[in-house]
Amino acid sequence: MEISKKKMNPLTNEISLIKYLRVRFFIYLFNCVPNHGKFDKMRFTFLRWAGFKVSGIVKVFKPISISPKTFTENIHFESGVFINSGARFSVPKGGSVSISKNTLIGPGVVFETVNHGLHYEAGKSRGATIGRIEIAEGVWIGCNAVILPNVAIGKGAVVAAGAVVTRNVESNTVVGGVPAKQIKRLTDAS
Ligand SMILES: CC(C)(COP(=O)(O)OP(=O)(O)OC[C@H]1O[C@@H](n2cnc3c(N)ncnc32)[C@H](O)[C@@H]1OP(=O)(O)O)[C@@H](O)C(=O)NCCC(=O)NCCS
């Protein structure tokens with residue numbers, strides 16, 4: 001099958017080999033450090049050296065994976081963020097994920113900023129569109145949730161385990177299911 005080379009595919013944009021190796025090396029080291037409180041600082045240091053944009057102290061468990069390339073500078077964590085094990089960030093050039101302060105991310109959560117074209121044409125690439133994901137302050141995302149491109153999750157919202165979030169989520173609401181729908185509004189009493 002011949003793939004058309006005319007259409008630029010953001011997933012295959014070249015990046016410097018040195019940068020690529022640096023990011024891969026520090027992510028490899030990060031993923032070697034145990035998830036024990038004694039090693040939180042060491043994981044944090046490797047995360048920064050891998051190029052993640054971090055403001056304040058954050059706690060991230062291994063393993064973490066990023067794909068398809070290494071644009072870690074477009075992944076931003078604010079202080080007090082906790083990310084449990086197995087998070088995956090799919091953030092090519094032009095994509096971004098930002099997670100505001102005091103947000104909790106459960107195990108196995110996927111942040112996906114890439115969509116491919118829906119229509120198949122023999123011999124042509126599906127191409128790709130790249131988006132942004134914005135998670136506000138004080139959000140809790142349950143295990144194995146998937147956050148899709150161009151989604152913003154409002155302050156204090158909760159995403160139930162296993163949800164696939166395709167649309168923006170209002171502040172102080174709980175959403176769940178596939179696709180995620182509002183389960184409840186949070187009040188002081190709930
Ligand atoms: C969403 C969650 C927080 C429960 O919130 P809650 O407000 O106490 O929910 P309730 O148990 O009262 O259920 C409310 C409704 O949401 C539904 N619901 C609860 N969890 C759901 C889920 N994961 N997916 C889809 N629907 C869910 C319930 O079935 C119920 O529906 P109904 O009203 O039609 O019966 C919890 O179910 C959850 O998903 N926790 C995540 C746990 C986790 O990932 N921990 C990792 C540690 S970081």
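Ligands are counted one by one from 1 in listed order, and the atoms in each one are counted from 1 as well.
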Verify side chain to side chain contact (heavy atoms under 4.5 Å, CB included) between Ile135 and Val81, making sure each step is shown before the conclusion.
CA-CA 11 Å; Ile135 315 292; Val81 163; over 6 Å; no
What's the verdict on side chain to side chain contact (heavy atoms under 4.5 Å, CB included) for Phe44 and Lys59, showing C-alpha distance, side-chain angles and the deciding distance?
CA-CA 7 Å; Phe44 177 67; Lys59 185 164 160 177; over 6 Å; no
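Proximity of Phe61 to Arg43: side-chain heavy atoms (C-beta onward) are separated by under 4.5 Å at one or more points.
Nearest to atom 6 (P) of ligand 1 among the protein's heavy atoms is Lys184 NZ, 3.8 Å. In terms of protein heavy-atom proximity, atom 3 (C) of ligand 1 is closest to Trp140 CZ3, 3.7 Å. Of the protein's heavy atoms, Ile183 CD1, 3.8 Å lies nearest to atom 26 (N) of ligand 1. For atom 46 (C) of ligand 1, the nearest non-hydrogen atom of the protein is Pro107 CD, 3.9 Å. The nearest heavy-atom contact from the protein to atom 44 (O) of ligand 1 is Cys143 N, 2.6 Å. In terms of protein heavy-atom proximity, atom 1 (C) of ligand 1 is nearest to Ala160 CB, 3.5 Å. Looking from atom 5 (O) of ligand 1 to the surrounding protein, the closest heavy atom is Val174 CG1, 4.6 Å. Residue, atom and distance of the protein heavy atom nearest to atom 38 (C) of ligand 1 are Ala161 N, 3.9 Å.
Protein heavy atoms are found less than 4.0 angstrom from atom 41 (C) of ligand 1. The protein does not reach atom 13 (O) of ligand 1 closely, with no heavy atom under 4.0 angstrom from it. The nearest protein heavy atom to atom 48 (S) of ligand 1 is closer than 4.0 Å. For atom 29 (O) of ligand 1, the nearest protein heavy atom is 4.0 Å or more away. For atom 33 (O) of ligand 1, the nearest protein heavy atom lies 4.0 Å or farther away. Put simply, atom 36 (C) of ligand 1 has no protein non-hydrogen atoms near it, under 4.0 Å away. Within the 4.0 Å cut-off (strictly below), no protein heavy atom is located near atom 10 (P) of ligand 1.
Cluster annotation: Ile183 and Val146 are assigned to distinct hydrophobic clusters (Ile/Leu/Val/Met/Phe/Trp/Tyr, side-chain heavy-atom contacts under 4.5 Å, transitive).
Checked against Ile66 for a side-chain contact (heavy atoms from CB on, under 4.5 Å), the options Val97, Val23, Val91 give a single hit: Val23.
For Arg88, the CZ atom is densely surrounded, since the number of other residues' heavy atoms within 6.0 Å is greater than 12. Arg167 CZ: 12 or fewer foreign heavy atoms inside a 6.0 Å radius. In the displayed structure, Lys19 atom NZ is contacted under 6.0 Å by more than 12 heavy atoms of other residues, nucleotides or ligands.
A donor-acceptor pair under 3.5 Å is formed between the side chain of Asn74 and the backbone N or O of Gly95.
Residue contacts with ligand 1 include Gly177, since one of its heavy atoms falls under 4.0 Å from the ligand.
Outside the 6.0 Å centre-distance limit, the rings of Phe77 and Phe111 are not counted as a close aromatic pair.
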